[in-house]
*Asks:* 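I am attaching a structure below and will ask some questions about it afterwards.
For this chain, numbers begin at 1 and follow the sequence in order. Atoms within each ligand, like the ligands themselves, are counted from 1 in listed order.
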Amino acid sequence: MKKTFFIVGSMLPLVAAAQRYNVVYIMTDDHTAQMMSCYDRTNVETPNLDRIARDGVRFTRSYVANSLSGPSRACMLTGKHSHKNGFTNNEHGIFDGSQQTMPKLMREAGYQTAIIGKWHLVSTPTGFDYWDILPAQGNYYNPDFIRMDSRKPDGVTYVEKGYLTNIITDKSINWLEKQRDRSKPFILFVHHKACHRDWLPELKYLREYEDKTFSLPENFYDDFEGREAAAAQEMHIGKDMDIIYDVKMDSPDMKTRLSGSYRNMVSRLDKEDLRKYDFFYDSLTVEFLKEYPDYKELQKELETKKPSEYSARAKQFCEFKFQRYMRDYAKIVKSLDDNVGRFLDYLKQSGLSDSTLVVYTSDQGFYMGEHGWFDKRFMYEESFATPLVMQFPASLSTRRGDITEMVQNIDYAPTFLELAGAKIPEDIQGESLLPLIKGEHPKKWRKSLYYHYYEYPAEHAVKRHYGVATDRYKLMHFYNDNDQWELYDRQADPREMHNIYGQPGTEKVTKELKKELKKLQIQYDDPILERYPL
Ligand code: SGN
Ligand code: CA
């Protein structure tokens, strides 16, 4: 008897280990932690996104390797930094789909692989059993999709009716419910366009957040003293945000550089919906023109003066733009949160949540008026960071609450591979997060992160830079058409306003950080080290 018990007992862990967990990877576009209430309650409530964190874990130090869509997606898919996966920037990048990717490895491990939504890697997806993607950035209203087709290697383009965030969710549920092969575990990538520019809201939420006045970030009127690259950017709410395209104040006699693109995007709406849309924004435009008949002169002032020197009236106009931006962005988040809730409900009600890891993240963070900005790209905190929360299959023994170790989007590939029981190839540069998730707090977990951004010259004019971040410090080097180092002590200066590089007393920490940076450049084999030896 005793012997029988022993055999059965010893078999149990093996049976458990053989369980094949599914993965649902939900990635949004430009959704930042300041607009997710489990990270920050200042601006919006996101009860459904928060559910993931409440039932699972929230990573408090989650970062990207290159804060831009295509590059970030390539890092996630390969588990490698940009210089290794080859997709360094959106402008000239074409993802080499013949390389090793995590979906391919998952497929080899017996998983079914599917992607629905934004792809943004130019080449046709490889390694997926099913794909139904957006061309380029996609559209919020009555969007085009490209669906795989066995007769056409590059797929077939078609139009879907409705609002994009709802459609991507419907398609994802439909794939789980009706299209997948139920004999296999799966990894499903649900890639939303929300909350990417041009922040076109779902019509039912046009009025949402209209009564709210969002508070200005402390450093909204940053002058970029001592930070040349920050001063040279073209992503400022005052200076660069387009009154028609971004702020949506539009009338037939108004014209800006981007007004044509705006009108094209909105005109995708069906007639009746366009009427509702116009009714809403036209009435705001009428009020706006009454209040700011001098908006062109004010705009000129925002384009020519330092933020600290704006007149009271120009400040008022700048803050008007900020409020419009925040409100429209918040409306997009509202639809997104609803849809994630609907998706989680489906997982629960179908029984899938018992066996499925749910990951929610974004392709990078975003500026919500910090430094006066929108957009991303910089290694400064708001866009270097990205939200990351996970909910676990009931049968996987994990921890709950906050995980405070530094993690990066190159870590997702090895995490999913380990969960699938697949071998993690040597050349993958990320680390599996499973030990952290299981609460093992490995002593040798990384103490610093490497970052490298390349897209310059380009839209928003953020200069190329690379850098290292530790728990407390950040050291960055802006290069190419300039050569400037920046150092921040985030403990003393969490808003990264004071570049202390070269200041007396920082010699030791600078030396240590350069040593660490060099170590990472060698470890990750970044050829930039040859151009700027350390
Ligand atoms: C578009 C946007 C930019 C944005 C890039 C990259 N302009 O070009 O504002 O920085 O995408 O974003 S838009 O006029 O087309 O909205 S990314 O997230 O896809 O990398
Ligand atoms: Ca993005």
Side-chain angles (χ1 to χ4, degrees), residues 26-36 62-77 82 87-95 117-122 133-141 143-144 164-165 168 189-201 233-237 239-248 256-266 268 321 325 328-329 332-333 336 360-368 373-378 380 382-388 409 452-463:
I26 307 172
M27 179 161 67
T28 40
D29 198 355
D30 297 359
H31 185 210
T32 191
Q34 307 94 287
M35 300 299 272
M36 187 165 166
S62 152
Y63 296 92
V64 294
N66 182 352
S67 182
L68 196 64
S69 167
S72 187
R73 288 158 207 271
C75 290
M76 178 277 283
L77 285 174
S82 304
F87 198 102
T88 56
N89 68 85
N90 286 342
E91 296 244 320
H92 309 290
I94 298 182
F95 185 70
K118 186 167 173 179
W119 167 247
H120 209 203
L121 287 170
V122 188
I133 57 171
L134 307 177
Q137 295 284 8
N139 272 291
Y140 281 107
Y141 298 145
D144 288 345
L164 183 57
T165 311
I168 290 174
F189 298 81
V190 181
H191 285 194
H192 288 283
K193 171 185 172 73
C195 320
H196 195 276
R197 198 180 180 195
D198 195 48
W199 316 298
L200 295 177
Q233 59 39 59
E234 293 171 4
M235 49 188 253
H236 197 274
I237 293 175
K239 168 170 71 79
D240 305 300
M241 196 170 247
D242 190 279
I243 193 68
I244 299 180
Y245 187 80
D246 295 303
V247 188
K248 308 185 177 58
T256 60
R257 186 175 61 87
L258 296 172
S259 49
S261 317
Y262 172 71
R263 289 168 192 154
N264 282 342
M265 283 189 298
V266 173
R268 297 184 68 92
K321 292 173 90 179
Y325 164 49
D328 288 337
Y329 187 110
I332 312 297
V333 174
L336 173 71
Y360 179 88
T361 186
S362 173
D363 64 344
Q364 12 66 207
F366 213 68
Y367 297 97
M368 303 307 302
W373 296 339
F374 64 101
D375 215 66
K376 54 257 176 176
R377 300 160 190 264
F378 280 108
Y380 304 127
E382 291 81 0
S383 61
F384 177 36
T386 196
L388 178 64
N409 56 349
H452 197 156
Y453 170 82
Y454 301 79
E455 192 176 275
Y456 184 86
E459 196 179 7
H460 302 304
V462 174
K463 295 184 191 292

*Asks:* Run through ligand 1 for me and note each protein residue having a heavy atom under 4.0 Å from it, chain first, then residue number.
*Replies:*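 For ligand 1, the residues that come within the 4.0 Å heavy-atom cutoff are Asp29, Asp30, Leu68, Ser69, Asn90, Lys118, His120, Gln137, His196, Arg197, Tyr245, Asp363, Gln364, Asp375, Lys376, Arg377, Glu459, His460.
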*Asks:* What I'd like to find out is whether the side chain of Ser82 reaches to under 4.5 Å of the side chain of Cys75, using heavy atoms alone.
*Replies:*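 They are in contact (side-chain heavy atoms under 4.5 Å apart), so the answer is yes.
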*Asks:* Go through the side-chain N and O atoms of Ser383 and Tyr367 and say whether any donor and acceptor fall under 3.5 Å apart.
*Replies:*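 Side chains of Ser383 and Tyr367: pair found under 3.5 Å.
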*Asks:* Could you check whether any side-chain heavy atom of His31 comes within less than 4.5 Å of a side-chain heavy atom of Tyr329, counting everything from C-beta outward?
*Replies:*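 They are in contact (side-chain heavy atoms under 4.5 Å apart), so the answer is yes.
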*Asks:* Below 30° counts as parallel, above 60° as perpendicular, anything between as tilted: where do the rings of Tyr63 and Phe384 land?
*Replies:*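 Rings of Tyr63 and Phe384: tilted, 30 to 60°.
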*Asks:* Could you please tell me which protein N, O or S atoms lie under 3.0 Å from the Ca ion (ligand 2)?
*Replies:*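 As for protein N, O or S atoms lying under 3.0 Å from the Ca ion (ligand 2), they are Asp29 OD1, Asp30 OD1, Asp363 OD1, Asp363 OD2, Gln364 OE1.
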*Asks:* Compile the donor-acceptor pairs under 3.5 Å between side chains in residues 88-95 and protein atoms, sequence neighbours left out, one pair per line.
*Replies:*
{"from": "Asn89", "atom 1": "OD1", "to": "Glu91", "atom 2": "N", "distance (Å)": "3.0"}
{"from": "Asn89", "atom 1": "OD1", "to": "His92", "atom 2": "N", "distance (Å)": "2.8"}
{"from": "Asn90", "atom 1": "OD1", "to": "Gly70", "atom 2": "N", "distance (Å)": "2.9"}

*Asks:* Could you walk me through whether Asp242 and Arg257 satisfy the salt bridge (charged side-chain N to carboxylate O under 4.0 Å, His left out) test, starting with their C-alpha distance in whole Å, then the side-chain angles of each, then the deciding distance to 0.1 Å, before giving a yes or no?
*Replies:* CA-CA 8 Å; Asp242 190 279; Arg257 186 175 61 87; 5.7 Å; no
*Asks:* Find out whether Arg73 and Trp119 are in side-chain contact, i.e. whether some heavy atom of one side chain is under 4.5 Å from a heavy atom of the other.
*Replies:*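 With C-beta onward as the side chain, the pair stays apart.
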*Asks:* Among side-chain atoms of Tyr360 and Thr28, is any donor-acceptor pair under 3.5 angstrom?
*Replies:*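 Yes - a donor-acceptor pair under 3.5 Å links their side chains.
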*Asks:* Quick one: salt bridge (Lys or Arg N to Asp or Glu O under 4.0 Å) partners of Asp246, sequence neighbours excluded?
*Replies:*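 Applying salt bridge (Lys or Arg N to Asp or Glu O under 4.0 Å) to Asp246 gives Arg197.
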